[in-house]
Each structure stands twice: as C-alpha cells, then as structure tokens.
Amino acid sequence: MDIKVSTGDILVMEADAALIFVPERSAEPEQEAQPSFIDRLDQVLDGMLSDLLSAGDFSAKRGEVAVLYPRGVVKPQRLIMVGVGKMSDFSADVARRMAAIGAQKARSIRALNLVCMTVGTGRGGLSVTQSAQAIAEGVLLGLYQFTAFKSEAPKTPDPQSLTLVPYSAEELGEAQVGVQRGVAYAQGTMKARDLANTPPNVCNPVYLAEAAIQIAKAHGQSITVLERGQMEALKMGSLLAVARGSENPPRFIVMEHKPELAQAGKTVVLVGKGVTFDTGGYSIKTTDGMVGMKQDMSGAAAVLGAMHILGTLDVQAHVVGIIPAVENMINGGSYRPDDVVTASNGKTIEIISTDAEGRLILADALVYAHRYNPSAIVDIATLTGAIAMALGNTAAGLYYTGDDLRASLEQAAQNSDERLWAMPLYPEYSKVIESETADIRNSGGAGSRGGAGLGAAFLKHFVTVPKWGHVDMASVMLNSGDVPYATGKTASGYGARLLAEWVQVWQNQS
Ligand code: BES
Ligand code: ZN
Ligand code: ZN
C-alpha cells in the first residue's frame with residue numbers, strides 16, 4: 001500500500017472511505033477553544049453522528065466500528081468510524097490499534113483508497129510525527145497476511161492507498177517524517193514476520209544468509225557469511241556441535257551498518273538466534289512441542305528487520321548484526337547429552353540437553369561480537385519456554401548488565417510498544433549450571449527451576465563487555481491475539497522495531 005501525505009480537508013477529498021477516529025464522549029465535555037473535527041463533521045452531516053451515538057448503536061468505545069454512507073454530503077463515499085475510547089487513555093499504541101482496525105474494516109468492505117487525519121495531536125498528546133508514524137505502522141501491520149504459500153490470492157484485495165492529512169498545513173513536513181519512519185518500521189517488522197513464517201524446508205541457514213545479503217545490498221551495508229570451515233578455524237565448537245546433525249550446513253552471518261557520520265566508540269552489536277528448525281535433537285521435543293519450531297529463528301529475523309529499518313532511515317550509528325544460523329536436527333553424527341564441547345573462548349560445556357541449543361550457538365556469536373569493541377551488545381532469542389511461564393505472552397524478558405543499558409532498552413520498548421520486562425540475574429543461577437565434568441553445563445537438568453534465568457546465566461559466561469542485554473522473546477514470538485495490528489496465530493515480528501529504536505536511544509544517550 002502506498003501512504004501519502006497531503007494538506008487539505010479530508011471531507012472534500014475523493015476516496016472510497018475516510019477513517020474517522022472518534023473519541024468516547026466524556027460525561028462532562030471539556031470546554032474546547034475550537035469545535036473539534038468530529039463536531040464539525042457532525043454538523044456537516046446534519047447530526048448523523050450524534051444520532052448514531054445517542055441511539056447507542058456506536059458508543060466510540062475503543063475498537064468499535066461503524067460505517068456511515070454520507071451520500072455525497074462529503075466526498076469520501078464511506079466514513080469508517082473507529083472508536084478510540086477515552087481520550088485520557090490515548091497513546092501512540094491506541095492510534096496504531098485504531099488504524100489497524102480501520103484498515104481491516106476497509107479491506108472487508110473493499111474500500112481501496114483511504115483518507116484519514118493525524119489523530120491524537122491535540123488532547124491525545126502526540127506529536128504530528130508520532131501520530132503519522134503510528135497510523136502508518138498500524139495500517140501496514142494490520143493488513144499483513146502471510147500468503148506466500150497459498151495457491152490462491154486472498155478473496156478481498158488490500159486497500160491500495162492512504163492519504164494522511166495533518167490538521168494544519170504547517171504540519172506537513174512532520175507528518176511526512178512520521179510516515180517515512182512508520183513505513184520503515186512496519187517493513188522491518190513484516191520482513192521479520194515473513195522470515196519466521198516461512199517453512200523450515202525453505203528457510204534454512206543458507207536461505208537466512210541470502211535474506212541477509214539482500215537486506216545488506218539494498219542499504220549499502222557490508223556483509224560476510226562464514227561457512228563451516230571458517231567457523232572451524234575460529235574454533236566455534238559450541239555452535240558447530242549443534243549444526244552437526246543437519247544436512248543443511250550452518251552459516252555465520254555478520255552484517256555491518258556503518259554510515260559516515262557514525263559516532264566513533266559507540267559501536268553496538270545485535271545478535272539474533274537463528275535456529276531455522278529446533279527438533280530438540282536427541283533430547284527430542286514432543287510432537288506438539290515441535291510444531292512451530294520453524295520460528296526458532298525469530299531473534300535472527302528481528303535483527304534482520306532492525307538492519308532494514310536502520311538502513312532505510314539511514315540512522316547514523318555503527319551497528320553490527322550477527323546471526324549464528326543452524327538447524328537442530330538428528331542423525332548419526334549429531335551431538336548428544338553428556339558430550340563436552342569447547343566454545344571459541346576456550347570454555348568447555350557439558351551438554352545436558354541438546355534442546356538447550358540456542359545458548360550454544362549464541363555463546364560463539366557473543367564471543368565473536370567482542371572483536372568490534374562495542375559499547376553494548378544486545379542479543380535476542382527464542383531461548384526458553386520458561387520465559388512464557390514467567391511472563392505469559394505479553395512481554396519478552398530482559399536480562400542485562402548495566403542500569404543505563406536497561407533504561408535505554410526500556411525506553412525503546414516504550415517507544416516501540418514492544419514490551420520488555422526486566423528480570424533478575426541472581427548469582428545463584430550460575431551455581432545451578434556448574435558442571436562436575438566441564439566448566440559449565442548447558443542446562444540445570446531435571447527439576448531445576450527458573451529456566452529463563454539459567455539461560456541468561458549461561459550466556460553471561462561469554463560476555464566480557466560491561467553492557468550486555470539478553471532479550472528472551474520465546475514468550476512473544478507468536479501473536480498473542482490481543483493486538484489488532486498483529487493478527488493470526490503467526491509470527492509477531494517482535495524485536496525489529498524494538499532494536500531499531502534502541503540503537504537510536506542508545507546513540508543519543510551520553
Ligand atoms: N527453542 C526453544 C525455546 C522455545 C520453546 C521457544 C517454546 C519458543 C517456544 C529452546 O531451544 C528450548 O528448547 N529450550 C528449552 C531449554 C531447556 C532444555 C533447558 C526449554 O525451554 O525447555
Ligand atoms: Zn531447543
Ligand atoms: Zn531453540
């Protein structure tokens with residue numbers, strides 16, 4: 001869909017539908033200096049909107065939808081009214097949700113060309129840029145469908161265009177910036193969704209590397225893809241152990257976004273878990289537990305989505321994206337429980353579970369990340385089922401060192417509305433993964449609790465920089481069903497917006 005910005009009055013613009021965001025009426029209407037757009041619309045429509053509200057057919061509660069046919073009184077053929085709820089609860093996320101609901105309604109009634117205004121810039125407290133960005137994201141993400149493997153096109157075509165109109169002509173530039181940002185952020189999220197939704201017989205480590213090459217090329221980023229022999233030379237024994245059981249060879253992807261004006265000394269590294277399918281290995285998963293494990297590369301997808309956003313917006317920061325990509329399969333050469341493997345920093349690891357493979361590939365990637373002398377490293381991974389036990393499906397868990405890093409990640413989570421919840425990294429967790437045989441073991445073994453913290457404690461063995469964040473996103477890799485711009489039991493695309501936003505917050509933090 002094409003999103004444009006224009007000045008003018010949406011009521012005199014040709015369109016199949018106008019999306020009208022209607023706030024719930026408060027019991028005591030506030031005295032406003034000027035009549036609101038909604039009041040003016042009601043007047044133009046000779047009270048049609050008041051009738052709708054007073055009849056109780058539509059009360060403008062959040063997410064409620066009604067369609068009006070103004071019969072030529074205003075130019076748009078239909079008015080898709082979307083309830084915003086109480087204006088006191090307004091936020092960018094509300095705008096994003098309402099835009100998604102409006103766009104979905106437009107699709108269902110086959111309205112192809114849409115107009116709407118930058119909602120929430122008055123009482124809603126958003127800047128014009130924030131509003132335009134949220135609407136662009138909501139519309140694009142709300143219309144997302146994964147159809148690559150369907151033999152027939154969807155029955156209802158997507159809306160083709162949206163013209164976004166700010167309240168005053170002076171706000172045009174700001175609105176344009178917002179749309180540009182929103183489109184980039186939505187595209188990054190959709191790329192992540194596409195990759196995670198692609199079946200594992202297609203999306204294997206080599207495919208992931210190809211996808212990375214395409215993104216890097218499109219944005220003038222440099223990219224190096226290491227093959228098995230090069231990983232052997234780097235002594236990545238932990239990653240290579242996981243890769244051994246698959247016919248699909250592993251890849252180690254390193255991308256670099258390095259614009260000219262990037263601040264020296266502020267390099268950051270993003271590391272994403274790229275297990276293109278996780279059978280569990282010889283610690284094999286159950287039938288039900290294995291379904292959906294094509295998405296065990298969602299961390300990698302988030303990093304790739306973020307690299308796309310950073311490239312599109314030409315963010316002035318030196319960012320390295322690292323993706324260890326493997327498939328966790330079983331054959332006669334697979335690694336097994338009781339094996340001891342050696343990571344590239346020389347640490348020996350006793351394998352307790354071949355299903356705790358994510359931390360094994362991240363170990364070698366984290367060691368590699370240090371060669372860039374980064375100001376911070378953030379990894380993102382579908383690491384443990386335990387994080388969903390702790391947090392449910394509404395937030396990812398954050399483990400971290402450095403309070404400033406934590407604050408910057410929480411700020412980024414707030415800006416992007418991709419939730420993060422800080423978790424403790426107690427020293428006792430390290431005790432649980434001590435090994436009798438090797439330096440550490442890759443799992444606490446039977447009966448151990450706090451699995452997400454144990455995973456984080458394991459990763460910490462491979463980190464020596466003072467600022468490190470670990471985002472366990474296993475809890476949010478699938479849409480929860482609670483968010484209108486993330487529908488269907490498919491990949492959420494979580495993390496692309498969060499990471500891109502974090503890079504900017506971290507750069508601007510002194
Ligand atoms: N990929 C899984 C984690 C996962 C589970 C992601 C469910 C998304 C949904 C990971 O590799 C895994 O199997 N973790 C184990 C760790 C355990 C063996 C220490 C787990 O969570 O049970
Ligand atoms: Zn696993
Ligand atoms: Zn896994």
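When reading the values below, keep in mind they use all heavy atoms of this one structure, side chains included, and skip hydrogens, waters and symmetry mates. Keep in mind that what you see is a predicted model, and the values were worked out from it rather than measured. Ligands are counted one by one from 1 in listed order, and the atoms in each one are counted from 1 as well.
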Counting only heavy atoms not in R228, do more than 12 sit closer than 6.0 Å to its CZ atom?
-> yes
Between R497 (side chain) and A186 (backbone), is there a donor-acceptor pair under 3.5 Å?
-> no
Check the pair D403, R406 against salt bridge (charged side-chain N to carboxylate O under 4.0 Å, His left out), reporting the backbone distance first and the verdict last.
-> CA-CA 5 Å; D403 286 331; R406 168 194 170 155; 5.4 Å; no
Taking only distance into account, with no hydrogens and no angle test, what donor-acceptor pairs under 3.5 Å do side-chain atoms of residues 276-284 form with protein atoms, sequence neighbours excluded?
| unit_1 | atom_1 | unit_2 | atom_2 | d |
| --- | --- | --- | --- | --- |
| D278 | OD1 | G280 | N | 2.9 |
| D278 | OD1 | N328 | ND2 | 2.9 |
| T279 | OG1 | G281 | N | 2.9 |
| T279 | OG1 | N328 | O | 2.7 |
| Y282 | OH | N331 | O | 3.1 |
| S283 | OG | T354 | N | 2.8 |
| S283 | OG | T354 | OG1 | 3.1 |

Count, waters excluded, of protein N, O or S atoms under 2.8 Å from the Zn ion (ligand 3) = 4
Is a donor on one side and an acceptor on the other found under 3.5 Å between the side chain of N345 and the backbone of F462?
-> no
So, W502 versus N415: side-chain donor-acceptor pair below 3.5 Å or not?
-> no
Residue among D194, T487, T189 satisfying side chain to side chain donor-acceptor pair (under 3.5 Å) with Y144 | D194
For ligand 1, list every N/O pair with the protein closer than 3.5 Å, one pair per line with the distance.
| unit_1 | atom_1 | unit_2 | atom_2 | d |
| --- | --- | --- | --- | --- |
| ligand 1 | 1 (N) | K273 | NZ | 3.4 |
| ligand 1 | 1 (N) | D278 | OD2 | 3.2 |
| ligand 1 | 1 (N) | D296 | OD1 | 2.9 |
| ligand 1 | 1 (N) | D296 | OD2 | 2.9 |
| ligand 1 | 1 (N) | T382 | O | 3.4 |
| ligand 1 | 11 (O) | K273 | NZ | 3.2 |
| ligand 1 | 11 (O) | D278 | OD2 | 2.9 |
| ligand 1 | 11 (O) | D355 | O | 3.0 |
| ligand 1 | 11 (O) | E357 | OE1 | 2.9 |
| ligand 1 | 11 (O) | E357 | OE2 | 3.0 |
| ligand 1 | 13 (O) | K285 | NZ | 2.9 |
| ligand 1 | 13 (O) | D355 | O | 3.0 |
| ligand 1 | 13 (O) | D355 | OD1 | 2.7 |
| ligand 1 | 13 (O) | D355 | OD2 | 3.1 |
| ligand 1 | 14 (N) | L383 | O | 3.3 |
| ligand 1 | 21 (O) | G385 | N | 2.7 |

Look at E227 together with R251 and state whether they make a salt bridge at an N to O cut-off of under 4.0 Å.
-> yes
Contact list for residues 90-102, test salt bridge (charged side-chain N to carboxylate O under 4.0 Å, His left out), sequence neighbours left out | D93-R96, D93-R97, R96-E137, R96-D417
